[in-house]
Amino acid sequence: MSADRINLLRTKVFDKSKWMQLPRDVVIGHDVIEQIPTVCEDLALGDSVLIVSGDRTRDVAGKRVEALLSGSYEIATFAAGEDDPLETIRKAEEAVAEAGFVIGVGGGRVIDVAKIASYNTDRHFISIPTAASHDGIVSSRASVPTADGNVSLAAEPPIAVVADTAVIASAPHRLLASGCADIIANYTAIRDWELSHRLRGEPLSEYALTLSRMTAEILFKNADLIKPHSEESAWLVTKALVSSGVAMSIAGSSRPGSGGEHKFSHALEILAPGKGLHGEKCGIGAIITMYLHGGDWEGIRDSLKKIGAPTTPAGIGVDDETAVAALLAARTIRPERFTILDMGLTEESAQDLVKMLYRE
Ligand SMILES: NC(=O)C1=CN([C@@H]2O[C@H](COP(=O)(O)OP(=O)(O)OC[C@H]3O[C@@H](n4cnc5c(N)ncnc54)[C@H](OP(=O)(O)O)[C@@H]3O)[C@@H](O)[C@H]2O)C=CC1
Ligand SMILES: O=C(CO)COP(=O)(O)O
Ligand SMILES: [Zn+2]
């Protein structure tokens with residue numbers, strides 16, 4: 001090989017760089033919430049904290065975290081209500097001003113508010129999920145519904161995740177089933193990624209893709225074990241969410257866990273606000289996108305059923321016309337994210353798909 005060629009290769013190799021942000025401490029298990037003082041001490045994050053929680057989740061776990069840290073830390077609290085998300089984030093940022101670090105205790109919405117406020121104010125953030133409802137509990141992205149549609153925002157990756165399986169198992173089963181559906185949707189998300197790689201030359205991370213697929217496979221294989229209010233189920237799903245979040249951190253984007261089924265879900269957030277949980281909508285969307293990819297869509301549908309997640313738009317109170325509109329609107333959501341739904345779906349074909357694949 002000529003010296004020039006060797007130098008060219010060297011330059012290429014050394015030009016490459018990547019920054020992956022992963023949680024430092026991940027603590028999962030029964031009553032691990034009690035270990036939050038030790039986690040905070042170990043990370044030496046300062047002596048004042050803002051604890052962000054929701055209306056329900058403050059009672060479920062937020063107050064307990066406040067009690068565990070009182071005496072050792074100066075504590076401020078912030079209630080992330082269900083009003084305008086961007087306004088809530090702005091107010092949370094104001095509340096962070098006096099605090100050294102931030103803890104989010106709640107479901108996906110609360111965690112997102114806490115991680116965006118932390119990012120924008122340059123504070124460390126600890127995630128204490130009260131529900132295993134989707135993989136955003138671990139990732140460095142936030143997904144925020146706005147009047148103009150869902151936006152994916154950069155957010156502070158949790159420096160620690162403390163996932164108490166006793167708390168998670170006590171949440172309504174619907175939330176856990178939604179988390180499972182979000183993971184099962186990895187199957188179609190990675191097919192969309194591969195499609196975009198082949199057709200558009202989009203860069204693809206084999207490590208991220210393989211981890212995302214493996215996570216979905218483990219959950220798919222264990223679908224029979226997912227039961228309401230079982231700590232073992234909470235354990236299985238939480239580990240899957242952590243693994244899926246790590247896949248997104250490796251990729252540096254939500255690509256390994258978000259494809260056409262997520263664009264369908266985000267379209268529904270606009271067309272049918274308040275209907276269905278995030279993972280539920282993604283699972284329903286994955287049935288159609290897996291069919292279009294020529295894969296085992298019935299397997300997706302049956303595992304969702306087993307877990308107790310909805311498999312039709314009607315199951316989340318959405319009519320067929322709205323589902324058709326969401327399938328067609330998916331291409332307008334994050335148009336840069338190319339998926340099977342961006343490949344010429346027509347109104348007629350969308351209607352046929354909804355009629356054929358969403359029968360109870
Ligand atoms: N960052 C990311 O990558 C992603 C972020 N998201 C975002 O996450 C949000 C959806 O999250 P999701 O968790 O599905 O829904 P929510 O956070 O809206 O939670 C749903 C409801 O469950 C309640 N809840 C949570 N935990 C418990 C518990 N242990 N016991 C009783 N009730 C409980 C919440 O209470 P409370 O009133 O206290 O909140 C809330 O009323 C959306 O804002 C979405 O945009 C979605 C996907 C990925
Ligand atoms: O929900 C996610 C992964 O499961 C994040 O995806 P989005 O980037 O579509 O919000
Ligand atoms: Zn998701």
Side-chain angles (χ1 to χ4, degrees), residues 33 52-62 64 79-82 85-86 88-89 104-116 119 127-146 149-158 163-186 188-190 192 212 215-216 229 234 240-241 244-245 247-249 251 253-267 269 273-274 276-283 285-286 330 333-334 336-337 339:
I33 206 162
V52 180
S53 213
D55 292 341
R56 291 183 192 81
T57 44
R58 181 154 185 248
D59 286 334
V60 169
R64 198 161 150 208
E82 287 183 31
L86 293 176
T88 306
I89 291 164
V105 188
R109 193 179 51 79
V110 164
I111 299 283
D112 270 4
V113 168
K115 67 158 78 150
I116 299 169
Y119 181 80
S127 172
I128 306 190
T130 55
S133 50
H134 59 71
D135 48 19
I137 59 175
V138 190
S139 73
S140 60
R141 304 293 303 179
S143 185
V144 181
T146 71
N150 174 284
V151 285
S152 176
L153 300 176
E156 188 66 24
D164 189 318
T165 47
V167 172
I168 290 169
S170 73
H173 178 65
R174 188 179 167 200
L175 290 164
L176 190 83
S178 177
C180 294
D182 199 29
I183 295 293
I184 287 171
N186 286 9
T188 48
I190 58 177
D192 280 329
S212 174
T215 307
H229 309 300
L241 297 175
S244 191
M248 292 192 277
S249 296
S253 85
S254 59
R255 230 340 173 168
S258 168
E261 74 300 316
H262 272 66
K263 298 202 326 170
F264 169 76
S265 158
H266 296 323
E269 278 157 24
L277 294 168
H278 167 82
E280 292 177 337
K281 289 178 276 198
C282 297
I333 311 271
R334 300 202 199 147
E336 74 287 358
R337 181 160 291 185
T339 74

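All values below come from the heavy atoms of this structure, side chains included, with hydrogens, waters and symmetry mates left out. All ligand and atom numbering here is 1-based and tracks the order in the structure. All values reported here derive from a predicted model rather than from experimental measurement.
Heavy atoms of Ser170 found under 4.0 angstrom from ligand 1: none, in either backbone or side chain. Counting heavy atoms closer than 4.0 Å to ligand 1, residue Val60 contributes side-chain atoms (C-beta onward) but none from N, CA, C or O. Of the heavy atoms in Ser133, only side-chain atoms (C-beta onward) come closer than 4.0 Å to ligand 1. At a 4.0 Å heavy-atom cut-off, ligand 1 does not touch Asp135 at all. Under 4.0 angstrom from ligand 1, the non-hydrogen atoms of Ser139 all belong to its side chain. Residue Asp182 does not touch ligand 1, judged by heavy-atom distances below 4.0 Å.
Residues His134 and Ser143 are not in side-chain contact: their nearest non-hydrogen atoms beyond the backbone lie 4.5 Å or more apart. Within the 4.5 Å cutoff, no side-chain heavy atoms of Ser254 are placed close to those of His262.
Remark: minimum distance from atom 10 (O) of ligand 2 to any protein heavy atom is reached at Ser143 OG, 2.9 Å. Of the protein's non-hydrogen atoms, the one nearest atom 22 (O) of ligand 1 is Leu175 CD1, 3.6 Å. The nearest heavy-atom contact from the protein to atom 5 (C) of ligand 1 is Asp112 OD2, 3.0 Å. Protein heavy atom nearest atom 2 (C) of ligand 2, with residue, atom name and distance: His262 NE2, 3.4 Å.
For ligand 2, the atoms lying closer than 4.0 Å to a non-hydrogen atom of Asp135 are 2 (C), 3 (C), 4 (O). With ligand atoms numbered from 1 in the order given, ligand 2 contributes 7 (P), 9 (O), 10 (O) to contacts under 4.0 Å with heavy atoms of His266. Taking every non-hydrogen atom of Asp182 and a distance limit under 4.0 Å, the qualifying atoms of ligand 2 come out as 4 (O). Of all the atoms in ligand 1, the ones that sit under 4.0 Å from a non-hydrogen atom of Thr57 are 24 (N), 25 (C), 26 (N), 27 (C), 35 (O), 36 (P), 38 (O). Short contacts between ligand 2 and His278, defined as distances under 4.0 Å to a heavy atom of the residue, involve ligand atoms 1 (O). Those atoms of ligand 1 with a heavy atom of Gly108 less than 4.0 angstrom away are 8 (O), 9 (C), 11 (O), 12 (P), 13 (O), 17 (O). Below 4.0 Å from some heavy atom of Ser254 lie the following atoms of ligand 2, by number and element: 5 (C), 6 (O), 7 (P), 8 (O).
At a 3.5 angstrom cut-off on N or O pairs, His278 does not count as close to ligand 1. Looking at Arg109 next to ligand 1, an N or O pair under 3.5 Å apart turns up. Taking only nitrogen or oxygen atoms, main chain and side chain alike, Ala131 does not reach within less than 3.5 Å of ligand 1. Every N/O-N/O distance between Arg58 and ligand 1 stays at or above 3.5 Å.
Under the side chain to side chain contact (heavy atoms under 4.5 Å, CB included) test applied with Ser127, the options Val105, Val110, Val138, Ile111 reduce to a single match, Ile111.
Using a non-hydrogen distance threshold of 4.0 Å, Arg334 registers as a contact of ligand 2. Between Lys115 and ligand 1 there is a heavy-atom distance shorter than 4.0 Å.
When Arg174, Arg141, Arg56 are ranked by how near their heavy atoms come to atom 35 (O) of ligand 1, first place goes to Arg56. The residue from Val105, Leu277, Val167 that puts a heavy atom closest to atom 15 (O) of ligand 1 is Leu277. Residue nearest to atom 4 (C) of ligand 1, selected from Met248, His262, His134, His266: His134 (by heavy-atom distance).
Among residues two or more places apart in sequence or in another chain, the side-chain hydrogen bond (donor to acceptor under 3.5 Å, both in side chains) test is passed with Ser249 by none. Partners of His266 by ring-ring contact (aromatic ring centres under 6.0 Å, His included), not counting sequence neighbours: none found.
Judged purely by distance below 3.5 Å, without hydrogens or angles, the side chains of Thr88 and Arg109 never pair a donor atom with an acceptor atom. For the residue pair Thr215 / Asn186, no side-chain donor-acceptor distance below 3.5 Å is found, with atom types taken as modelled.
Take the N/O/S atoms of Asp182: the one nearest the Zn ion (ligand 3) is OD1.
Metal site remark for the Zn ion (ligand 3): His262 contributes an N, O or S atom at a distance under 2.8 Å. In summary, an N, O or S atom of His278 is located under 2.8 Å from the Zn ion (ligand 3).
Side-chain N or O atoms of His229 include one that pairs as donor or acceptor with a backbone N or O of Ala169 at under 3.5 Å.
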